[in-house]
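Taking it in order: structure first as structure tokens, then the write-up.
If you're wondering where the values come from, they're calculated on a predicted model, not measured in any experiment. Numbers restart at 1 for each chain; the letters A, B, ... are given by sequence-line order, proteins then strands.
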Protein chains: 2
Amino acid sequence: MVTLSDVAKQANVSKMTVSRVINHPEQVTTELRELVVAAMQELNYQPNAAAKALANNRSNVVKFLILEDIDTTEPYYMNLLFGIARGLDKRQYALQLITDRQKLTAGNADGYLITGARTSDFPWLDQLEKPLVLFGENRYGYDFIDTDNKLGTQMATKYALAKNYQSIIFIGIDVKEPFEYSREAGYINTLQQHAKLPRIYRLANHSRLSQQYIEEHWREFAPNTCFICASDRLAVGVVRGILHEGGAIPRDFGVIGHDGVFLDQVSNPQLTTVQQQVPELGEHLARMLLSKIAQSGAQQGELLLAPKLVTRGTTRE
Amino acid sequence: MVTLSDVAKQANVSKMTVSRVINHPEQVTTELRELVVAAMQELNYQPNAAAKALANNRSNVVKFLILEDIDTTEPYYMNLLFGIARGLDKRQYALQLITDRQKLTAGNADGYLITGARTSDFPWLDQLEKPLVLFGENRYGYDFIDTDNKLGTQMATKYALAKNYQSIIFIGIDVKEPFEYSREAGYINTLQQHAKLPRIYRLANHSRLSQQYIEEHWREFAPNTCFICASDRLAVGVVRGILHEGGAIPRDFGVIGHDGVFLDQVSNPQLTTVQQQVPELGEHLARMLLSKIAQSGAQQGELLLAPKLVTRGTTRE
DNA sequence: TTGTAAGCGTTATCAA
DNA sequence: TTGATAACGCTTACAA
């Protein structure tokens with residue numbers, strides 16, 4: 001294994017000069033810096049993360065806690081995880097996946113990424129001693145990153161209006177969480193701007209339930225209606241319900257989902273959906289946490305990433 | 001931060017005794033050991049992974065390389081990842097996710113977990129200097145863990161026969177990989193034992209293709225046929241094709257998938273499928289790699305985990 | 001600007 | 001069986 005000392009010898013300088021070239025290059029003269037850089041390349045020097053971590057009183061590990069039930073976690077998290085991994089990689093950070101909150105404080109970590117946190121979790125979040133970034137909106141001042149949920153449903157609703165669907169109905173998820181409020185708000189705002197009355201139904205997030213709902217209330221839905229759904233799961237059920245009742249998609253009925261991960265593509269027809277930029281969200285999560293760690297816990301604020309409206313088979317051309 | 005020294009003081013012993021209690025407890029007398037354990041608990045001692053790693057010339061990091069295209073990786077890997085995480089956690093190991101093989105040897109790691117490796121990858125795998133375990137069958141002597149693919153299709157085929165489907169057709173994935181050969185072998189064996197002739201069709205792994213295939217060859221399939229599919233994707237397409245042609249599932253046509261992750265449940269009707277024990281596979285992967293690391297790279301052999309046949313709506317009661 | 005020395009928390013080695 | 005010492009590779013603090 002090539003160490004700092006090896007590089008130092010090769011470049012005829014002290015270990016410290018090599019260390020400075022890596023961490024504070026501006027403190028080193030250009031000639032020495034170039035000598036050292038050349039030596040590092042020649043020897044293919046790979047810094048030892050453990051030694052660095054020990055000297056810095058760090059662990060170079062970040063924990064990712066998923067509070068939602070795994071069985072229900074759709075493919076979504078896979079993409080998020082890859083984004084996080086990409087963000088951590090650049091700084092040689094590794095990841096620990098946690099599903100049991102008890103294990104969060106066991107072992108070492110420099111900070112925490114937490115998803116699925118609800119209001120009831122905030123008390124124990126406050127007890128944590130390491131920097132923390134949430135994935136998902138909250139209104140209590142925790143740093144977070146999320147999709148711009150409001151913008152997403154605004155885009156979807158505007159699109160449905162532009163495609164001349166007369167009646168626009170929102171199928172929401174029956175939870176009292178900020179992401180759902182934001183999605184509903186985007187829908188309501190846009191309708192109001194067009195002097196239309198909102199119609200919102202809320203269901204647990206299962207395709208079976210939304211399918212059943214559509215079938216049972218079929219007579220209430222006139223042709224020329226578009227359903228804006230708070231998830232692709234709900235959207236898939238709505239599509240099935242409409243097809244089961246003999247409705248024509250996309251001619252008489254439009255359906256727009258939300259999330260845009262996997263399910264939208266395997267469904268038939270493929271869903272028009274508000275696609276979250278999941279890997280990018282993950283990468284920003286990692287970046288925000290690392291910079292919070294570097295700034296010894298300083299507040300980072302919030303970051304909303306714009307989603308993309310992907311138009312496919314469940315809305316008019 | 002509580003260190004070994006703190007515990008040592010508290011217990012009135014030397015650091016080394018504390019270290020031994022942790023790593024070689026059999027070398028310490030019972031009384032001292034109890035004293036030390038008590039002190040560790042009282043102070044809530046958490047070993048410093050970085051220091052341990054440095055002293056052991058380890059990194060306490062394992063890299064997980066995914067060679068397949070992420071976009072096509074279904075939810076499957078999420079579960080695998082959680083299994084791996086669980087296996088690593090117990091020994092305070094952290095994970096780095098890699099999708100770019102170039103990055104595998106950048107930075108530090110004590111070993112590699114690799115999935116999606118094909119024969120063409122073996123040359124560069126041989127160049128790797130750290131212990132390595134593959135996820136997925138291979139016949140070149142690399143240590144690996146996989147589902148017992150042959151057993152899975154045997155179970156599926158026997159079940160179809162037991163349910164009195166007369167004709168049993170295999171819809172395979174059109175790749176030349178051991179897992180596919182094993183799945184086909186399980187099907188062929190079982191049919192031969194029942195003096196029936198195998199019928200195998202191979203397609204790329206997309207539901208659209210299998211649906212299309214069924215529709216285009218519909219007249220070739222007599223009622224009382226069961227399709228054994230090499231993936232849930234293919235199975236979902238087969239179901240759609242049958243329904244589209246007006247076939248009755250499960251009365252006249254049975255469909256059995258393979259994998260049992262997510263897709264089987266969101267499909268309608270829910271699939272009968274050969275369900276892989278994915279989190280367990282992940283946990284065993286981690287365990288095998290850690291023990292290989294501990295044994296400085298000793299051969300670990302192969303491990304096949306039995307899948308479960310989950311019977312649902314696409315086969316007869 | 002560069003180098004020296006000490007220390008981060010742990011473990012292996014060797015001596016008692 | 002237990003303890004003192006040195007070492008792992010790096011960085012901070014201080015000296016030159």
Side-chain angles (χ1 to χ4, degrees), chain A residues 1-37 39-40 43-61 91-94 106-110 293-294 296, chain B residues 1-37 39-40 43-61 91-94 106-110 293-294 296:
Chain A
M1 156 174 265
V2 182
T3 71
L4 266 194
S5 304
D6 299 326
V7 177
K9 265 179 215 155
Q10 172 90 5
N12 257 311
V13 296
S14 73
K15 294 198 300 183
M16 270 316 298
T17 303
V18 182
S19 174
R20 286 199 186 93
V21 168
I22 296 170
N23 300 299
H24 312 283
E26 75 285 356
Q27 297 179 6
V28 182
T29 53
T30 320
E31 0 167 41
L32 275 195
R33 199 186 319 152
E34 285 169 355
L35 268 175
V36 170
V37 168
M40 290 197 298
L43 299 176
N44 185 28
Y45 170 66
Q46 305 275 356
N48 180 315
K52 187 178 284 202
L54 180 59
N56 287 325
N57 193 23
R58 290 265 166 75
S59 66
N60 276 27
V61 168
R91 305 241 224 126
Q92 286 273 34
Y93 259 77
N108 320 112
D110 296 340
I293 291 170
S296 39
Chain B
M1 154 173 265
V2 182
T3 71
L4 267 193
S5 304
D6 299 324
V7 177
K9 265 179 215 156
Q10 173 88 6
N12 258 311
V13 296
S14 74
K15 294 198 298 184
M16 269 319 295
T17 302
V18 181
S19 175
R20 287 200 186 93
V21 168
I22 296 171
N23 299 300
H24 311 282
E26 74 285 358
Q27 298 178 6
V28 182
T29 53
T30 319
E31 3 168 38
L32 275 195
R33 198 187 319 154
E34 284 169 358
L35 267 174
V36 169
V37 169
M40 291 198 296
L43 298 176
N44 185 28
Y45 168 67
Q46 306 275 356
N48 181 315
K52 186 179 285 205
L54 180 59
N56 288 323
N57 192 23
R58 292 267 166 76
S59 66
N60 276 27
V61 169
R91 306 243 221 123
Q92 286 274 34
Y93 258 76
N108 320 113
D110 296 340
I293 291 170
S296 39

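Comparing C:dC8, C:dT11, D:dG3 against the side chain of B:Asn23 picks out C:dT11 as the nearest. Among C:dA12, C:dG3, C:dC8, the nucleotide with an atom closest to any side-chain atom of A:Ala55 is C:dC8. Listed nucleotides: C:dT10, D:dG9, D:dT11. Nearest to the side chain of A:Leu54: D:dG9. Closest to the B:Leu4 side chain, of the nucleotides C:dT11, C:dG9, C:dG7, is C:dT11.
Proximity of A:Ser5 to the phosphate of D:dG9: no side-chain N or O atom is located under 4.0 Å from OP1 or OP2. Using a 4.0 Å cut-off, no side-chain N or O of A:Thr29 falls inside it from OP1 or OP2 of C:dT1. Between A:Ser14 and C:dG3 there is a side-chain polar atom (N or O) within less than 4.0 angstrom of OP1 or OP2. Side-chain N/O atoms of A:Thr17 include one lying less than 4.0 angstrom from OP1 or OP2 on C:dG3.
Atom CD of B:Glu26 is separated from atom P of D:dT1 by 9 Å (rounded to the nearest Å). For A:Lys15 and C:dA5, the NZ to P distance is 11 Å, given to the nearest whole Å. Rounded to an integer number of Å, the gap from A:Asn48 CG to C:dC8 C1' is 13 Å. For the pair B:His24 NE2 and D:dT2 P, the computed distance is 14 Å after rounding to whole Å. The NZ-P distance, from A:Lys9 to D:dG9, rounds to 11 Å in whole Å. The distance between atom CG of B:Leu35 and atom C1' of D:dT2, rounded to the nearest whole Å, is 14 Å. Rounded to whole angstrom, the span from the CD1 atom of B:Ile22 across to the P atom of C:dG9 amounts to 14 Å. Atoms CG (A:Asn56) and P (D:dC10) sit 12 Å apart, rounded to a whole Å.
Of the two residues near DNA chain C, B:Arg20 and A:Met16, the one whose nearest nucleotide lies more 5' is A:Met16. Residue B:Asn12 is the one, among B:Asn12 and A:Val2, whose nearest nucleotide of DNA chain D lies closer to the 5' end (criterion: closest heavy atom).
Residues B:Val2 and B:Leu43 share a closest heavy-atom pair of CG2-O, 3.5 Å. Between B:Ala39 and B:Gln10, the shortest heavy-atom contact is CB-CG, 3.5 Å.
No contact: A:Asn57 has no heavy atom under 4.0 Å from any strand.
Formation of a donor-acceptor pair under 3.5 Å by the A:Arg33 side chain with backbone atoms of A:Val28 is found in this model. With hydrogens and angles disregarded, a donor-acceptor distance shorter than 3.5 Å links the side chain of A:Asn108 to the backbone of B:Ala49.
The base of C:dT11 has none of its N or O atoms less than 3.5 Å from a complementary donor or acceptor on the side chain of B:Lys52.
Considering only heavy atoms from C-beta on, B:Val13 stays 4.5 Å or farther from B:Leu35 through its side chain.
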